[in-house]
Amino acid sequence: MHPAPFTVEATDGAARAGTLELAHGAVPTPTFMPVGTRGVVKALDTTDLEALGASMVLANTYHLMLRPGGDVVERLGGLHGFTGWSGPFLTDSGGYQVFSLEPTITEAGAEFRSTYDGSTVHIGPESSMAIQQALGADVAMAFDHLIGLPAPREAVREAMERTLRWTERAMAVHDRDDQALFGIVQGGVDGELRAESARRTAELALPGFGIGGLSVGESAAERNAALDACIAELPAGKVRYVMGLGDTEGVLDAVARGADLFDCVWPTRLARHGKVLTAAGDYNIRTLANVEDGRPLDDDCGCLTCRRHSRAYLRHLHRTGELTAHRLLSIHNLHYTLEVLRGARVAISEGRFDGFRAGVLAARA
RNA sequence: UCCGGGGUAGCUCAAUCGGCAGAGCAGCGGACUGUUAAUCCGUUGGUUGUGAGUUCGAGUCUCACCCCCGGAG
């Protein structure tokens, strides 16, 4: 087990700025991990990610075990050798697919119909761990049971308890020294279950903690209350990763509550759908309003896309289905998201996070 | 000038025997959060080229005219 030491360098209220040390480098927090499910951030390559200043990338166990297979990736040098990304990686355990693909769940694990060829595939806490160790990310996530909300309290408790049992099973088989294993807090939007899940997961003495099961149908107020309940029970000296959260308002809410790490398809998926994230508010590039607009996507943005291309050109590319549109908008949206968190980090260290956050939100409104 | 084909939403086209004028695209709006999503959902547009006629009822049948395409001359 890699210890993944986390140093809190500054705090401002509950918000904190820190550094997470991993086998492939240090990650300044708070920060955002672009999602590269199949070993690639859709439409981008590793040089794009380097230019963006991304410090860590996420990949997915379920998808990579099916294609090309964990063993193939392992023989090609693990995720780092295979993809060419030399910075830190985190692999999700396949737990999200328990939610999104609705497999049959038993105590042993989850039984899926493969999304690629329809064959039956099984993932349990041990097999997810084995595949993640083969993939060789800096951080592996324990296989968890994630359910959509709203859900009956008993179902939320059952998923939470199962996640705890599965996490202990994952720990029992994990043995890579260059890889950290994070546990995942569940509990829906029930404050008591969240607190209990966080407390019992923290007792497992893992190097970091995911806060999972959010952004699955609950309101922002419910999500924030759930975050408060979890974070109150998690150790201050370890990293807190809010899984699957990526919109500006949601991320800033979480940073204000003491979260350090995020990942989400939000910036990249929205980019492919033509939605542009900006400091002055979000909009769709596809509309007629942009047809002859020579301005950049965002007047104040310094990203590669905004330095070189107009809204009119990007609208044209998106409308005509040119693949470059996805790359250029993904670069912009990721740059925007990373900048918000870089700004938050600086503001925390200077003791002005509340003002920073209020300014960002006001400009977007 | 003659022969043939055609004219329906911004565009390309459907519409059974004469029986409530539709679709795709475009446009407009919404959704999307540990990726089965370059996706999905919703929605505004009509004097059916013009004018008469037949009929309970015409995009559809009849007549005249206008316009477009092809062929002939």
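Lettering follows sequence order; numbering is per chain, from 1. Bear in mind that the values here come from a model prediction, so they are computed numbers and not experimental data.
Looking at heavy-atom distances under 4.0 Å, G95(A) makes no contact with the nucleic acid at all. Residue contacts shown for D247(A) include a base, since a base heavy atom lies under 4.0 Å away. If you check every strand for non-hydrogen atoms under 4.0 Å, G213(A) touches a base. Within 4.0 Å of E102(A), counting heavy atoms only, lies no atom of the nucleic acid at all. Contacts of L90(A) with the nucleic acid, taken as non-hydrogen atoms under 4.0 Å apart, are absent.
One atom, CG of L58(A), and another, P of rU33(B), lie 15 Å apart when rounded to the nearest Å. Remark: P of rU33(B) and CG of N60(A) are 15 Å apart, rounded to the nearest angstrom. Remark: C1' of rU33(B) and CG of L261(A) are 15 Å apart, rounded to the nearest angstrom.
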Dot-bracket pairing map - RNA chain B, Watson-Crick plus G-U, both contacts under 3.5 Å, | cross-strand | (((((((..((((.....[..)))).(((((.......))))).....(((((..]....)))))))))))).

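Projected onto RNA chain B by closest heavy-atom contact, H318(A) and H145(A) fall at different nucleotides, the more 5' of which corresponds to H145(A).
Ring centroid separation for the pair Y241(A) and F262(A) does not come in under the 6.0 Å cut-off. Checked against the 6.0 Å centroid threshold, H122(A) and F112(A) do not count as a close aromatic pair.
Side-chain contact between V156(A) and I147(A) is present, with at least one heavy-atom pair separated by less than 4.5 Å. Using a 4.5 Å cut-off on side-chain heavy atoms (C-beta onward), P267(A) and Y336(A) make no contact. Using a 4.5 Å heavy-atom threshold, the side chains of F82(A) and E74(A) count as separate. With contacts defined as side-chain heavy-atom distances shorter than 4.5 Å, the pair M56(A)/T31(A) does not qualify.
Under the 3.5 Å distance criterion, with hydrogens and angles disregarded, no donor-acceptor pair is assigned to the side chains of T287(A) and N284(A).
Against the 90° criterion about 0, the sugar-base torsion of rG70(B) places it in the anti range.
Between F89(A) and H80(A), the ring-plane angle classifies as perpendicular under the 30° and 60° cut-offs.
Taking every side-chain heavy atom of H63(A) into account, rU35(B) is the closest of rU35(B), rA38(B), rA37(B).
The gap from the P atom of rG46(B) to that of rC41(B) amounts to 25 Å, rounded to the nearest Å.
S215(A) has no side-chain polar atom (N or O) that falls below the 4.0 Å cut-off from OP1 or OP2 of rU33(B). For rU35(B), the OP1/OP2 oxygens have no side-chain nitrogen or oxygen of T268(A) closer than 4.0 Å.
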Reading 5' to 3' through nucleotides 24-32 of chain B, protein heavy-atom contacts under 4.0 Å coded B for base, S for sugar-phosphate only, - for none | --SSSS-BB

